[in-house]
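Let me begin by presenting the structure, written as structure tokens, before commenting on it.
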Amino acid sequence: MSHYPYMFAPLDLGFTTLKNRVLMGSMHTGLEERGDWNRVAEYYAIRARGGVALMVTGGMAPNPEGGVFPGAAGLYTAQDIANHRLVTDRVHDAGGKIAMQILHAGRYAYGPDCVAPSPIKSPISPFKPAELDEDGIEKQIADMVTAAVRARDAGYDGVEVMGSEGYFINQFLCAATNHRTDRWGGNYDNRMRLAVEIVRRVRAAVGPDFILIYRISLIDLVPNGQTFDEVTRLAQAIEAAGATILNTGIGWHEARVPTIATSVPRAGWAWVTRKLMGKVGIPLVTSNRINTPDVAEHLLAGGAADMVSMARPFLADPDFVAKAADGRAAQIAPCIACNQACLDHTFQGKVSTCLVNPRACHETELTYDQTTTPRNVAVVGAGPAGLMAALVAAGRGHSVTLFEADGQIGGQLNMARQIPGKEEFHGLVDWFTTSVAQSQIKLRLNTSATPELLDGFDDVVIATGVIPRDPQIDGQDAPHVLRYTDVLRDKAQVGARAVVVGAGGVGFDVAEYLSHDGESATENLALWQREWGVGDPSDAPGGLAPDGPHPQPSARSVTLVQRKAAKPGKGLGKTTGWIHRASLAAKGVRMLGGMEYRRITAEGLVVLRDGVEETLPADTVILCTGQEPLRILADTLIATGKTVHVIGGADVAAELDAKRAIDQGARLAATL
Ligand code: NAP
Ligand code: SF4
């Protein structure tokens with residue numbers, strides 16, 4: 001009997017059967033644009049072997065004007081078919097099924113040739129779209145139909161028509177972006193005409209035995225968005241037009257409500273899919289912030305949907321489904337919804353990968369082959385860099401001893417997981433704990449490695465991490481001045497008025513920690529919805545509560561300062577920085593740049609601001625002024641002529657994060 005009977009129940013689509021209820025949602029990886037289709041094929045084939053029932057590719061543009069950016073991947077010409085055939089053949093050989101997503105970006109296309117129902121610029125794009133005329137609309141539909149036919153010719157099992165997230169089709173559906181007065185605008189029947197016509201004509205062109213998924217925007221999360229009555233009518237019309245499956249889309253890209261970030265409660269949007277259950281006859285897929293088999297099973301068993309979609313969890317662990325099937329759920333590398341290596345990479349034009357799995361999208365180049373010459377390897381430091389190095393080295397057949405001075409593994413992850421909204425870090429530490437326990441690694445906790453202890457090892461990997469940087473501010477030795485480690489690790493008391501010095505990732509985390517009291521909203525959906533102003537789309541168009549957000553008041557007065565004149569938080573993650581800034585602003589945290597620190601007194605932090613000296617009142621001042629490498633052991637060993645491998649913060653502390661640490665640990669261990 002399966003551990004997850006609902007998840008592993010087959011789904012009969014009439015002309016074909018899906019072997020379980022898990023769909024791998026569409027993700028842009030940037031691989032297709034690099035032109036190495038063998039690498040693309042391997043990326044999907046590995047995930048097909050991992051047991052997922054159906055995968056959806058990253059968005060493929062039907063024509064150049066619909067591409068997310070100039071040169072975005074697409075099926076523009078018949079010549080592209082051979083490349084895609086490489087992917088579909090490899091997936092089918094691996095026993096999987098794959099559908100190609102057709103994505104027309106409309107006004108989100110990042111280029112001057114973008115087109116839309118009306119010439120209204122999006123707040124997240126500098127380009128004003130050209131308004132399409134009747135012929136222009138017909139051309140867009142025809143191009144999408146052609147792309148679907150090419151997808152079938154390329155061997156795909158189906159297509160997904162992207163109708164959500166504020167892209168082209170969604171722009172027709174909402175009055176805010178569709179000001180047309182012809183048959184494509186005005187009342188809802190006219191606004192939904194495009195979506196229905198695309199599905200109807202795609203179905204007619206591809207025939208009956210081809211999966212046609214329509215990704216429907218169930219809650220737009222923008223002003224003047226669709227009501228749930230409208231969404232329901234659309235869903236029914238899409239079913240009648242020939243769709244096989246409806247997949248859930250949540251929120252437009254320009255929405256000011258987080259939809260997939262780590263601070264969003266797990267399965268925090270499944271209630272919207274549930275609202276549509278029973279109103280259509282075709283299977284419904286729910287989505288967003290589902291990252292464990294338990295959550296997936298709970299949703300399916302509770303009738304929230306017929307299938308679950310997970311996307312980023314398949315970057316973190318391609319074998320998610322196989323491990324769940326075998327009762328090895330604790331071994332699934334968890335997606336912590338950080339976006340640091342996937343979405344943030346996409347927005348920087350880099351190939352996506354994953355913070356917890358550096359092999360993601362690098363499968364052909366980063367391999368963990370069994371060693372033919374096992375060595376005796378010492379790893380010093382069980383933070384993310386050391387843990388990953390130890391796991392990969394041990395997995396390859398080396399004999400690994402892992403030294404950790406502390407009584408637990410995890411290093412800085414143990415501080416990150418104290419922050420409200422970062423509860424997913426618990427899962428990451430748990431996964432490292434399970435993985436180490438199930439490996440052959442000899443873990444030596446409460447052991448500070450010395451040169452003597454390290455004598456006799458063939459390889460020594462130093463991952464001793466970082467120490468807080470000393471900012472040398474006059475008065476910093478007073479008892480009311482703390483370091484972030486005192487607060488997050490040692491739980492030192494903080495007064496009613498706090499000044500946080502340094503507004504990097506750690507400063508923001510500490511400010512978040514200090515402004516919270518009681519339950520984290522990430523663990524309480526109703527509270528979280530109230531904080532962000534999420535309403536029921538049956539009552540509020542677009543699902544924005546009419547009375548707006550109601551953030552919890554801050555637990556204390558918090559001021560966050562930096563010396564740079566730039567806006568604090570500018571260097572945070574591209575896709576998540578705005579959430580951190582908005583969350584603190586909502587709690588009344590003051591964020592000030594352009595400070596010159598003079599001294600710390602009993603009254604607070606004395607700064608020079610615009611040439612004027614002032615005191616920022618504080619009962620407690622917390623220093624979050626960056627880190628320096630902790631290299632004493634490495635330098636001692638090097639001085640005695642020993643060759644060591646230095647990784648993570650001990651190597652370079654600047655801009656260190658878990659992504660770089662884990663990647664460096666994995667890549668080193670792959671070469672030992
Ligand atoms: P950081 O990002 O380098 O920030 C250090 C802060 O201290 C900056 O605000 C800097 O701004 C200030 N500072 C630097 N030297 C100073 C000095 N000598 N005196 C006074 N102020 C000084 O370091 P961090 O905040 O410790 O973060 C470390 C790494 O962890 C970063 O790479 C960060 O991205 C990562 N992290 C990420 C997250 C996340 O959510 N993704 C969370 C936590 C940490 P000024 O120089 O302008 O004063
Ligand atoms: Fe998940 Fe972060 Fe990996 Fe992206 S980088 S897949 S959000 S863990």
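The first residue in the sequence is number 1, and the count goes up from there. Ligands are counted one by one from 1 in listed order, and the atoms in each one are counted from 1 as well.
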> If you measure only the distance, is there a donor-acceptor pair under 3.5 Å linking the side chains of Thr248 and Thr286?
Replying inline: no
> Do side-chain atoms of Asn20 reach the backbone of Val52 as a donor and acceptor pair under 3.5 angstrom?
Replying inline: no
>> Give me the residue, atom name and distance of the protein heavy atom closest to atom 16 (C) of ligand 1.
In response: Arg563 NH2, 3.1 Å
> If you measure from each non-hydrogen atom of Asp509 to ligand 1, which part falls under 4.0 Å: side chain, backbone, both or neither?
Replying inline: side chain
>> Considering atom 1 (Fe) of ligand 2, could you give the total of protein N/O/S atoms lying closer than 2.8 Å?
In response: 1
>> Please determine whether salt bridge (Lys or Arg N to Asp or Glu O under 4.0 Å) holds for the pair Arg497 and Glu603, giving the CA-CA distance in whole Å, both sets of side-chain angles, and the decisive distance to 0.1 Å.
In response: CA-CA 10 Å; Arg497 297 169 307 164; Glu603 281 71 44; over 6 Å; no
>> Between Glu423 and His426, do the side chains contain a donor N or O and an acceptor N or O under 3.5 Å apart?
In response: no
> What do you reckon, does Asp657 have a nitrogen or oxygen under 3.5 Å from a nitrogen or oxygen of ligand 1?
Replying inline: no
> Which of the atoms in ligand 1, numbered in the order shown and given with their element, are less than 4.0 Å from a heavy-atom of Val506?
Replying inline: 24 (P), 25 (O), 26 (O), 27 (O), 43 (C), 44 (C)
>> Among Glu512, Lys564, Gln340, which one puts a heavy atom closest to atom 45 (P) of ligand 1?
In response: Lys564
>> For Phe69, give me all partners under ring-ring contact (aromatic ring centres under 6.0 Å, His included), at least two apart in sequence or on another chain.
In response: His28
> Among pairs that include at least one residue of residues 576-592, which meet salt bridge (charged side-chain N to carboxylate O under 4.0 Å, His left out), considering only residues two or more places apart or in two chains?
Replying inline: Glu531-Lys587
> Do you see a protein non-hydrogen atom under 4.0 Å from atom 19 (N) of ligand 1?
Replying inline: yes
> If you measure from each non-hydrogen atom of Arg469 to ligand 1, which part falls under 4.0 Å: side chain, backbone, both or neither?
Replying inline: side chain
>> Counting non-hydrogen protein atoms only, what is the nearest one to atom 21 (N) of ligand 1? Give residue, atom name and distance.
In response: Thr625 CG2, 3.3 Å
> Would you say Cys624 contacts ligand 1, with heavy atoms under 4.0 Å as the rule?
Replying inline: yes
> Do you know which of Ser263, Pro258, Pro549 makes side chain to side chain contact (heavy atoms under 4.5 Å, CB included) with Trp532?
Replying inline: Pro258
> Taking atom types as modelled, is there a side-chain donor on Asp294 or Tyr4 under 3.5 Å from an acceptor on the other?
Replying inline: yes
> Between Arg256 and Trp578, is NZ or CZ placed under 6.0 angstrom from the six-membered ring centre and within 45° of the ring axis?
Replying inline: yes
>> Quick check on contacts: which atoms of ligand 1 are under 4.0 angstrom from a heavy atom of Lys422?
In response: 38 (C), 39 (C), 40 (O), 42 (C)
> Can you name the closest pair of heavy atoms from Thr262 and Gly421 and give their distance?
Replying inline: CG2-O, 3.4 Å
>> Just to confirm my output: which protein heavy-atom neighbour is closest to atom 31 (C) of ligand 1, and how far is it?
In response: Leu656 O, 3.4 Å
>> Looking only at side-chain N and O atoms, does Asn339 offer a donor or acceptor that is under 3.5 Å from a partner on Thr576?
In response: no
> Does Arg21 come within less than 4.0 Å of Glu297, counting only side-chain N to carboxylate O?
Replying inline: no
> Among Gly504, Gly505, Pro468, whose heavy atom sits nearest atom 43 (C) of ligand 1?
Replying inline: Gly505
> Can you list the atoms of ligand 1 that are under 4.0 Å from a heavy atom of Gly502?
Replying inline: 6 (C), 7 (O), 9 (O)
> Considering only heavy atoms, does Tyr597 approach ligand 1 within less than 4.0 Å through its side chain, its backbone, both, or neither?
Replying inline: side chain
> Can you list the residues that meet the ring-ring contact (aromatic ring centres under 6.0 Å, His included) rule with Phe314, with sequence neighbours excluded?
Replying inline: Phe320
>> With heavy-atom distances below 4.0 Å as the criterion, list the atoms of ligand 1 near Gly626.
In response: 5 (C), 7 (O), 23 (O), 26 (O)
> Yes or no on side-chain contact (heavy atoms from CB on, under 4.5 Å) for Gln438 and Arg328, after CA distance, side-chain angles and deciding distance?
Replying inline: CA-CA 11 Å; Gln438 293 183 341; Arg328 294 185 289 135; over 6 Å; no
>> So for atom CG, which belongs to Asp610, do other residues, nucleotides or ligands contribute more than 12 heavy atoms lying within a distance under 6.0 Å?
In response: no
>> Does ligand 1 come near enough to Ala503 that some N or O of the ligand is less than 3.5 Å from an N or O of the residue?
In response: yes
> Got the closest protein heavy atom to atom 26 (O) of ligand 1, with its distance?
Replying inline: Gln627 NE2, 3.0 Å
> Where does Met595 meet ligand 1, judged by heavy-atom distances below 4.0 Å: at the side chain, the backbone, both, or neither?
Replying inline: neither
> What are the atoms of ligand 1, with element, lying closer than 4.0 Å to any heavy atom of Pro471?
Replying inline: 19 (N), 20 (C)
